[in-house]
Amino acid sequence: MRRRDLLKSISFLPFATTLGGELIVPKKTKGGNLAAGGRDLFKELGVRPFINAAGTYTSMTGSLMRQEVLEAIRGTSEDFCLLDELQDKVGEKIAVLVHSESAVVTAGAFSALTLGAAGVISGNDPEKVKLLPKIDGTGLKTEVLCQKAHAIDYNHAFTNTGATIVVIETAEELENAVNSKTALMHFLNIEADKGKILHEEWVALGKKHGIPTSIDIAADVPPVSNLWKFNDMGFDFVAISGGKALRGPQSAGLLMGKKEIITAARLHMPPRGANIGRGMKVNKEEIFGMYAALHHYINYDHDAEWKIWENNIALIENAAKSVKGVTTNVVVPKLGNVTPTLEVSWDTTRLSVKDLQEKLRMGDPSIEVMPRTDKGIQITVWVMRPGQEKIVAKRLKEELAKGLA
Ligand SMILES: *Cc1c(COP(=O)(O)O)cnc(C)c1O
């Protein structure tokens, strides 16, 4: 499975345990948050909750918000404020935390890419803001350059502005491609090792040609230092997801970068309406929640959490490989979703990956894992609730033993 396909979301609920110094408050024993009046809305609607042994996938509803985030949401939900004032104040705080000139809370990393590019294209002219996405022939710059290895589906974030993607492979091709219409040079961190041009050279080429550079680091914490690394390096704007490892709201993210770009990007955002970003609204509680998530993440004991992940992976690994014919391997991806990842392989002519997935899915409690290749599955523990690793270890062993008997 390609790295970028593995990048997406987290999901679960509460047991009373401390995780890396974080208190996870109990609400109910199994399978569900209780809404007002003790209603189990999962049950009421017939929606299947599951243990997420896969990772931070949008399709699996991303990540579970930290308790601090939920408190921030709850604690700010009973008063009004001005949206722009809130973004100003939160943006100032976030900018200091991530070493950027400015920052704004967006509706995810994808939205941050669109808005950042829109800001670059329009600049601070409200009349130009209104032209997007019909920018051809307006005199506005219309091209976004990226490396071939970085040209993924998420580039739609840029074409939404009306821009065209121009793909290059080498520095020489880039030099030839740069022209008076080039608006932006974009870099995708998870595929950094696949491209011919690395971060520093990309930034230097941008500066040489006077073209702003951007980077997508949506799934690139941990390590925590990535929050500021690319701002320090000189990228003009940086986009990250709020709802992956940061465990903020799944529908939030951050756009960080040069003040003039962020200021222009905000002309494309609510409360203003004659723009391409009006549909990318982030509510007040989520803006506060995103700030709480970031603040908490930066001050978190990442080493302690890593040890818990390693221990939980080892527990599941030992259970799986105790079944005859099962082999395991623990890897840590170098880029994107940097967390201990267990690869489990077996003779899939005897038990198909699909069958195992389905058995785990239909069990009680339901468990989601990721197929890796046709040779097996992969498992992460970073979005599990404490204690769920034991259930996953037991169920995985059971189903592997049954299927390979
Ligand atoms: C998840 C992801 C996105 C989209 O992020 P959202 O916060 O869901 O908008 C963009 N790029 C990459 C590389 C991702 O992994």
Side-chain angles (χ1 to χ4, degrees), residues 1-11 52 54-65 69 94 98 103-118 144 146-161 165 184 186-195 199 202 214-223 226-227 229-230 235 237-257 265 268-269 276-277 279-283 286-287 289-291 293-294 297 333-339 341 370 380 382-383:
M1 173 150 293
R2 303 203 45 176
R3 213 159 39 212
R4 64 175 178 247
D5 295 328
L6 288 176
L7 299 174
K8 285 120 203 182
S9 15
I10 314 182
S11 184
N52 183 350
T56 58
Y57 294 90
T58 295
S59 60
M60 298 187 194
T61 58
S63 67
L64 292 188
M65 289 181 277
V69 176
I94 291 175
V98 301
V104 64
V105 177
T106 62
F110 190 100
S111 150
L113 294 173
T114 298
L115 295 167
V144 175
C146 81
Q147 298 183 70
K148 190 173 169 198
H150 298 198
I152 62 169
D153 285 352
Y154 288 137
N155 269 349
H156 219 95
F158 301 116
T159 55
N160 282 350
T161 65
I165 308 292
L184 181 68
H186 181 64
F187 195 97
L188 176 63
N189 194 55
I190 40 154
E191 300 290 6
D193 58 348
K194 304 265 171 50
H199 306 85
W202 194 255
S214 58
I215 184 167
D216 174 349
I217 61 161
D220 292 304
V221 293
N226 275 355
L227 284 169
K229 179 175 174 180
F230 304 101
F235 279 94
F237 75 79
V238 179
I240 190 166
S241 292
K244 291 177 179 168
L246 288 177
R247 291 180 55 186
Q250 162 69 12
S251 46
L254 298 176
L255 172 62
M256 317 168 253
H268 296 267
M269 295 179 70
I276 59 166
M280 306 177 198
K281 183 158 42 177
V282 191
N283 69 9
E286 284 182 315
I287 296 172
M290 192 62 243
Y291 172 63
L294 185 70
Y297 189 79
K334 286 213 165 53
L335 293 163
N337 300 306
V338 176
T339 183
T341 304
M370 257 302 131
T380 67
W382 63 337
V383 298

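Please read all numbers here as calculations on a predicted model, not as lab measurements. Here, residue 1 is the first one in the sequence, and each next residue gets the next number. Ligands are counted one by one from 1 in listed order, and the atoms in each one are counted from 1 as well.
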Legend entry - Gap between atom CD1 of Ile217 and atom CG of Leu188 - 0.5 Å precision: 11.5 Å
Inset, instruction - Examine Lys244 against ligand 1 and note whether any of their N/O atoms are separated by less than 3.5 Å. - result: yes
Legend entry - Flag side-chain contact, heavy atom, 4.5 Å: Phe158 against Ile165: yes
Legend entry - Spacing of CZ belonging to Phe235 relative to CE belonging to Met256, to within rounding of 0.5 Å: 12.0 Å
Legend entry - Within-shell test, Gln250 vs ligand 1, heavy atom, strictly < 4.0 Å: no
Inset, instruction - Can you sort out which atoms of ligand 1 are near Gly108, meaning under 4.0 Å from one of its heavy atoms? - result: 7 (O), 9 (O)
Inset, instruction - Decide whether an N or O pair under 3.5 Å exists between Ala109 and ligand 1. - result: yes
Inset, instruction - Using a strict 4.0 Å cut-off to heavy atoms of Ala218, name the atoms of ligand 1 that fall inside it. - result: 2 (C), 3 (C), 10 (C), 11 (N), 12 (C), 14 (C), 15 (O)
Legend entry - Atom pair OH (Tyr154) and OG1 (Thr159), whose distance is rounded to the nearest 0.5 Å: 14.0 Å
Inset, instruction - Enumerate the atoms of ligand 1 whose separation from the nearest heavy atom of Ser241 is less than 4.0 angstrom. - result: 1 (C), 5 (O), 6 (P), 7 (O)
Inset, instruction - Give the contacting part of Phe110 toward ligand 1: side chain, backbone, both or neither, where contact means a heavy-atom distance below 4.0 Å. - result: both
Legend entry - Rounded distance [0.5 Å steps], CG in Asn337 versus NZ in Lys244: 7.0 Å
Legend entry - Between Asn155 and His150, a side-chain donor and acceptor under 3.5 Å: no
Legend entry - Heteroatom distance test (Asp216, ligand 1): nitrogen or oxygen, under 3.5 angstrom: yes
Inset, instruction - Hey, could you give me the CG/CD1 distance between Leu255 and Ile240, rounded to the nearest 0.5 Å? - result: 12.0 Å
Inset, instruction - Output the list of atoms in ligand 1 that are nearer than 4.0 Å to some heavy atom of Ala219, sorted by atom number. - result: 15 (O)
